[in-house]
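Presented below is the structure to which this report refers.
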Amino acid sequence: MTKTLLLIDGNSLAFRAFYAMHNQLDRMISHNGLHTNALVAFNNFFDKIVDKLQPDYALVAWDAGKGISTFRGKIFSDYKGGRQTTPPELSEQFPYLRKMVDLHGIHSYELPSFEADDIIGTYAKKAEQAGLLTTIITGDRDLTQLVSDRVLVQVTKKGVTDLDAYTPDFLAKKWAGISPAQVIDMKALTGDSSDNYPGVTKVGEKTALRLLNKYGSLDGIYKNVDSMKASKLKENLVNDRDTAYRAQTLATIKCDAPVEIALEDLVVKPIDFQKLIEFYEELDFKVQLAKIHSMQKSGMIPENDEVDNDHKTNYFTELTAANLDHLTEIKDYLTVYFQTDSENYHQASILAFVIGNEQAGYFVSDDIQLLNSSVVRKLFTSSIPKYVFNAKELTVLLDHLGLKINNIQFDFLLVSYLLNTTDNDNKLSTLASRFKIYIESDDDVFGSKSKFKIPESEVLFKHLSQKASAISRLYAPSLRELKDNEQEDLYYKIELPLSDVLARMEINGIKLDQAELSDLGKEFDEKISDLEQRIYKEAGEKFNINSPKQLAELLFVKMQIPPIKRTKTGFSTAASVLEELADKYPFVALILQYRQFAKLNSTYVKGLLDVVDKNDSKIHTRYLQTLTQTGRLSSVDPNMQNIPDRDEEGKRIRKAFVPSHPGWQIFGSDYSQIELRVLAHVTDDDNLKKAFAEGEDIHAATARSIFGLDPSTKITFEQRRRAKAVNFGIVYGISDFGLAQRLGISRQEGKEIIETYFREFPKVRDWIDSIIALAHKQGFVETIAHRRRYLPEIHSKNFNLRSFAERTATNTPIQGSAADIIKIAMINMDKVLAEKNLKSKMLLQVHDELIFECPPEEISILESLVPKIMDSAVKLRVPLKVEAHHGDNWYDEK
DNA sequence: TGAATCACG
DNA sequence: ACGTACGTGATTCAA
């Protein structure tokens, strides 16, 4: 086999890597404050290349210093002049880039007064003479002058991973028949703007190619220049002769630089994984660490002695009917994990399970029947603390088997969410890596979603025992951190009990009247096809009304309607735009109607009928308890938190949500203005507190304050509307522009309104200022229940990112505290329903409201009980107000 | 897979 | 001077 050499232009690649991930600059900072964007991109690319080529020899060449100190700088003092200085965020990464290369067993090399190109050229020549095959990786096309049968030059196109492979043939194809040697003369004629040296005046790529094709080389051109017929070009060639030859020298890569390392010493050394792991840990390279760990586990690379010493032999036993007794040896705590075949645990199958602990070991099986044994049932219901990952999922799965589990004390999913919501993908492998515990990812074991495959049981069981062991070992360090953050109450008193409440709400589900919904769907279908016909007729052609692109083409190109707003990709056809056009172009109103019914039909009629449980005719949503950045819940499969309510047509969907027992009622209860009450509480503003204390309509009260109206004046609709927009703006992190936009007023007017607001509610401004200052200082903000949100971008130099972080710094304590409050209310509500032996069931939570189903005789009980529980969930500096309604279905509950 | 749109608080 | 209000999920189209 011919030996191979890999040569990499380090500087060029580092720049590419840096700018390829420039948008991530402020997010990718290690715990030491080092930017890591270029390091990550470089490292991934580097791994990929080395992995693919498996070179025998390799070298990464770096530029020694500034242009002036190289021999090219001596020839032309302005060489590389006018270049932007390297951003400090990249400079600081260079020493680490070199270390990274070094730890990969590959030489880094630089030579005073020479550039990386020259080092590469020199070694490429040496390798060619020695009969090696060389691959050069660079972002600089100059290096294509080195291309030959034995030297391949790969030039990055976009970013770092997309490469053009230059062979002599490819070069000729790319540049109209040019040869590698002619690349230099091209540069001589055209100059190089990025290196800041000129060629011949007015000669660009096209002219240069033509000249070279005719005369072969720069020398050839000048040999024949006298016989050319008189032209501006000839004049320029003659005048710029010296410049051209100087450019030729500058463009020529030195192939005889005095390099000191012998070719054979560039041999690639084996990677020292111990050191590489330490390096990655220093840089917080979670993904790379996980990769190394999984390679070690699968035996692809040697296992590391010093890391994870205790758990190298992650043993497990297959649980059978014969060895069930072994389970009685489990003391202290019990880790439980169920592996399903899909995300939606309401309909998933259990593939296998694992139970055990670090002392007694782990027992794994795919025989689900074993769970029904008295040994297991006893263990699950015993008072032994249980450690799990996703208590809610486990509770639902067990419920399907008719089983229960008691005393879940540790849910690592919940704990990691409380510790840090950012970059939480809800996966055990990633969350564990934050604590330097590395296990294989589900994607690695089962394949990604579309290609889900169950591995052989040995592999599956081993994976499960790894997961269980990780959960056990995560208990101490993660709870330690919870305590340091003063988040124990948030965990033990709110999130953990809530997960059980949510599990039972999901299991109970809400009944869907499928016939009612189908009938509504038929009605919508007719409206849609009618509108469709009328739209085609008016448009004079058929087109896909659902395609914003085709619609924009029709409206703004064919019909020549002046566009109002742009999107990234073209003209916007959003409802706000169409509404503005509808008066002048009645046809546009048809499109708005079409959109409305199409949305209702696809998302709410078809969508809901698709996911209804055919066995009990119920909708079992899943609440995601560990997803939002603020502490709210979210709801999926289906989303029960965005069922239409604002327009009459959409609202009718709610008629299909009915009680699950005949004669029962749907009962709903919602907080009134909870976020503004939280605002009054956290700011302690007297004016705001007074308005709530006196039970005023808060938007009207705000209108009085900001428009200077005395208490006897009647507030107009418009005044109240504006005040309402201001109140929303305050909660969201207001800007004069944003307010002006929304109210259709000038920016100046917007600004004045905001200033008046802050004069009237001075402590609101004080609080906003102080919470932003606090966020800058500590890097996170908190809710009343000590829920945290980290805001790394608050330190960004990018105005947009920083401003966004500042707005979230004000919004999150408000939205998040409101979420805390309703969560507490839900736990209390659940408890009191049980204590009073009521049949009523809590079904849904929609951020500030709770929906129940109840027998008629409990209506009056709920009417006093639910508002009482909700408004007493926490004690704020203002009262909480709750309103309650009931009806035969969710539509009539209002 | 991302963008656009629109449903909710 | 910067761009321009917070938090979500589902569907559809078009690469």
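Every chain is numbered from 1, with letters handed out A, B, ... down the list of sequences. This one's a predicted model, so the numbers in the text were calculated from it and none came from an experiment. FYI, side chains are in, hydrogens and waters are out, and symmetry mates aren't considered; it's all heavy atoms of this structure.
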Starting from [atom2] on [N], measure out to [atom1] on [X] and report it in whole angstrom.
X: A:D736; N: C:dC2; atom1: CG; atom2: P; value: 13 Å
X: A:E806; N: C:dC2; atom1: CD; atom2: P; value: 17 Å
X: A:E343; N: C:dG9; atom1: CD; atom2: P; value: 11 Å
X: A:D610; N: C:dT11; atom1: CG; atom2: P; value: 8 Å
X: A:N800; N: C:dG3; atom1: CG; atom2: P; value: 6 Å
X: A:N544; N: C:dT11; atom1: CG; atom2: C1'; value: 13 Å
X: A:R622; N: C:dT8; atom1: CZ; atom2: C1'; value: 15 Å
X: A:I545; N: C:dC13; atom1: CD1; atom2: P; value: 11 Å

Once you apply a heavy-atom cut-off of 4.0 Å, does [X] come out as touching a base, just sugar-phosphate, or nothing?
X: A:I814; value: nothing
X: A:T812; value: nothing
X: A:G738; value: nothing

Next item on the list: Scan A:H620, A:E393, A:K392 and name whichever one has a side-chain hydrogen bond (donor to acceptor under 3.5 Å, both in side chains) with A:Y345.
Entry: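 Passing option: A:K392.
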Next item on the list: Apply the side-chain hydrogen bond (donor to acceptor under 3.5 Å, both in side chains) test between A:R789 and each candidate in A:T812, A:T783, A:T628, A:T630; give the one that qualifies.
Entry: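 Of all the options given, the one that passes is A:T812.
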Next item on the list: Classify the side-chain pair A:E849/A:Q845 by whether it contains a donor and acceptor separated by less than 3.5 Å.
Entry: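 There is no such pair between these side chains.
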Margin query: I want to confirm an ordering. Mapping A:T603 and A:V731 to their closest nucleotides on DNA chain C, which one lands closer to the 5' end?
Written below: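 Comparing both residues, the 5'-ward one is A:V731.
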Note to self: Protein within reach of the bases, or only the backbone? For nucleotides 4-9 of chain B, mark each nucleotide 5' to 3' as B, S or -, using heavy atoms under 4.0 Å.
What the structure shows: SSBBBB
Specify the closest pair of heavy atoms between [X] and [Y], including all atoms of both residues, with the distance to one decimal.
X: A:A723; Y: A:I706; value: CA-CD1, 4.2 Å
X: A:Q673; Y: A:H699; value: NE2-NE2, 3.4 Å
X: A:S572; Y: A:F556; value: O-CE1, 3.5 Å
X: A:A805; Y: A:E793; value: CB-C, 3.8 Å

Would you tell me if any nitrogen or oxygen in the side chain of [X] comes within less than 4.0 Å of OP1 or OP2 on [N]?
X: A:K606; N: C:dT11; value: no
X: A:Q741; N: C:dG3; value: no
X: A:S547; N: C:dA14; value: yes
X: A:S634; N: C:dG9; value: yes

Note to self: What's the gap between C:dT4 and B:dT5 when it is taken at their P atoms, as a whole Å value?
What the structure shows: 15 Å
In terms of side-chain heavy atoms of [X], which of [options] is nearest?
X: A:R789; options: C:dA14, C:dG7, C:dC6; answer: C:dG7
X: A:Q550; options: C:dA14, C:dT8, C:dG3; answer: C:dA14
X: A:S602; options: C:dG7, C:dA14, C:dT11; answer: C:dT11

Item checked: 5'-to-3' dot-bracket of DNA chain C (Watson-Crick, G-U; under 3.5 angstrom; crossing pairs as [ ]; | other strand) -> .....|||||||||.
Next item on the list: Under the salt bridge (charged side-chain N to carboxylate O under 4.0 Å, His left out) rule, what do A:R720 and A:D697 come out as? Steps first, then yes or no, please.
Entry: CA-CA 10 Å; A:R720 189 176 182 280; A:D697 169 351; 2.8 Å; yes
Next item on the list: Step by step, work out the salt bridge (charged side-chain N to carboxylate O under 4.0 Å, His left out) result for A:K881 and A:D871.
Entry: CA-CA 6 Å; A:K881 190 179 161 198; A:D871 69 34; over 6 Å; no
Next item on the list: Flag the pair A:D637 / A:V611 as yes when at least one side-chain heavy-atom distance between them is below 4.5 Å, and no otherwise.
Entry: no
